[in-house]
Amino acid sequence: MATISLDHLTWMYETMYKIRYYEDKMAEAYAEGKNPVFNIGAGPVPGEMHLATGQEPAAVGICVHLKKEDTVTSPHRPHHHAIAKGVDLNRMTAEIFGKVTGLGKGKGGHMHLFDPDVKFSCGGIVGAGIPHALGAALAAKKKGTDWVAVAFIGEGAANQGAFHESLNMAALWNLPLIVVIENNQYGISVPKSASTSVPSNDIRAVAYGMKGYYVKDNDPIEMYHVSKEAVERARKGEGPSIIEIETYRYLGHFQGDPEVYRDKNEVTLLREKDPIVRMRQILIQEYGIEEQQLIELENKAKQEVEAAYQFARESDYPEPEDALKDLFV
Amino acid sequence: MQKTKQRLLTGNKAIAEAIRLEMERDPNVFVMGEDVGVYGGIFGATEGLFQQFGPERVIDTPISETAFIGAAIGAAAEGMRPIVELMFVDFFGVCMDQIYNHMAKIPYMSGGRVKLPIVLMTAVGGGYSDAAQHSQTLYATFAHLPGMKVVAPSTPYDLKGMMISAIRDDNPVVFMYHKTLQGLGWMDQLDASVGHVPEEAYTVPIGKAKVVREGTDITIVGIQMTTHHVLEAAKKLEQHGIQAEVIDLRSLVPLDRETILQSIKKTHRLLVVDEDYLSYGMTAEIAAIAAEEGLYDLDAPVRRLAVPDVPIPYSRPLEQFVLPNADKIFHEAMKLVNE
Ligand SMILES: Cc1ncc(C[n+]2csc(CCOP(=O)(O)OP(=O)(O)O)c2C)c(N)n1
Ligand SMILES: [Mg+2]
């Protein structure tokens, strides 16, 4: 098996840990003001909230190979991608709290985070980010750079017309596009088997004339290797790829989801195979990293997250009339 | 004396009951959409139907709106009566070609020979910080395009009666329901989201507005959620000695001009309130009708209150700034009666 540098390994671990901690804190913040009666519009973080707890490997396994100039588009479940791409954590959190210091001055919210400084964007319309990444890949090629574009989507989004249209164009024009499909087994309540005609989406790559990869068991190390090849190929002008990763959604589709469509045991079993716990063991046992070093990384990640939440909470709300600004630049 | 206790239902249960009754009556009626099965629809509009009718008639689709809304057209042309759900109206962008170039135009282009008895039902509305891509109503976007009836009922009674009318209609009907009027446990709890609904099947006509409060001093037209805001404002106006007549539009297409014109003959003042964008919208349409056909009945220029022309922002103070509410309606009405 190919090797991984210790830097990459520890970055992946630290980032997964950070994402997990971030999402756990978000679940808490989201619940504030929604007790004892849940009301989606109440509390410091209102609206829909789609958390990525359990899906960390997809984000870190590929973002570790990306640079600032590479583009990432993300769907309605965006926090893990944003964190792995290096989005400003303070401003991202402030945005989710609806504050004027947020990435979009409070206009966007959790599903609409834009950080042009690190070329990150996301959106609430399933499948819509794929053509945006396609366009970024087109621009990268036109400019003669080796930049790549990554579109993260859920397995449900692979049945949108935008998926098909974009992949055909990406292959036709030989663009540096990588579509990462996070197969967390569900699109809201609908299991993949009830929505998708093939067992996994990487085999659809054949239909477009591109390369398809499959990563099983939510494995960050395997995701690392597969992504490395896909990114290197894209940078060298060797064309687009699809990567499907088997991953897990520990929480409901959104916070407050009654989850009537799945057995409560399912999540308990999934959590037993937790990728962060597994990676921690691997780092210690196979790579000989001292536990103390990991604890330091964990503490650093926690502090960064705590600081972001503090920043968000202490920031001001926008002035109501600001609603009328920014329509045109 | 009332001898039977009035049965109360939430908005979502009223819709689901209408669909159930029509599915029992007519085997050609079936439902397709995302999460309409076991989940019962994200906003509960198909609650209990999967359990009763099974996966053959209550079909969970992939996230492929162009395909399943297009398929409703094909199935309707074969004599089926599909009800398709577009989960949030905001998602119309991915499938609008099927809706406006095909569903809305085929009956006309075929010289009336192809019938498309489709109900396209969809959730609208904001106010709970779901931001720019999940909070619109887009009433006028659909109403602007000829060939679709467009309804937006505001009470459980009308939701049921108009759903039954929509299913029985041989034309495509866009059936918009307001999320916060569904009476769901996880949203704001509004009295208006619960109401008396008879158990049997009944129809409420499409294309007929309703005077929900009589008054003499000002006519205020609302639709769906804004109707309830207007009623609240009317109470406050009454405390200031002003009697507002309140019209619940209920249908955007066909539009009941007559009820509006009759009312302004009586009140001579018109305020129109909408949860859609201001420009080129429903408020403009009604103002134009008043100008064209009722100008001499008016004692003052028409006033409009709607979402200023910006996307719905996420942050609560921003969103509250752009959405109409009872206070804003009260102030607009006060300005108008003092003109
Ligand atoms: C065009 C469109 N259709 C439907 C929705 C509603 N919706 C939001 S997320 C979602 C499920 C997405 O499933 P998947 O792509 O697997 O992502 P996951 O939520 O599992 O991360 C649906 C149907 C939407 N936002 N946009
Ligand atoms: Mg999924």
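To find a chain, count down the sequence lines: A is the first, B the second, and so on, and within it residues start at 1. Remember, it's a predicted structure, so these values are computed and weren't measured experimentally.
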Using a 3.5 Å distance criterion without hydrogens, assess whether the side chain of [X] forms a donor-acceptor pair with backbone atoms of [Y].
{"X": "B:Tyr314", "Y": "A:Ile96", "answer": "yes"}
{"X": "B:Ser315", "Y": "A:Gly98", "answer": "yes"}
{"X": "A:Ser189", "Y": "B:Asp35", "answer": "no"}

Q: Against chain A, label B:Ser64 side chain, backbone, both or neither, depending on which of its atoms sit under 4.5 Å from a heavy atom there.
A: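 For B:Ser64, heavy atoms of backbone and side chain both lie under 4.5 Å from chain A.
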
[X] versus chain B, the contacting section by heavy-atom distance below 4.5 Å:
{"X": "A:Glu321", "answer": "both"}
{"X": "A:Val100", "answer": "neither"}
{"X": "A:Tyr186", "answer": "neither"}
{"X": "A:Ala42", "answer": "backbone"}
{"X": "A:Lys105", "answer": "backbone"}
{"X": "A:Leu324", "answer": "both"}

Q.
One pair to check against side chain to side chain contact (heavy atoms under 4.5 Å, CB included): B:Glu34 and A:Ile188. What are the steps and the verdict?
A. CA-CA 9 Å; B:Glu34 291 154 19; A:Ile188 310 188; over 6 Å; no

Q: Output the distance between atom CD1 (B:Ile42) and atom CZ (A:Phe254), rounded to the nearest 0.5 Å.
A: 4.5 Å

Q: Supply the atom-to-atom distance B:His134 NE2 to A:His112 NE2, rounded to the nearest 0.5 angstrom.
A: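 Atom-to-atom, B:His134:NE2 and A:His112:NE2 are 6.5 Å apart.
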
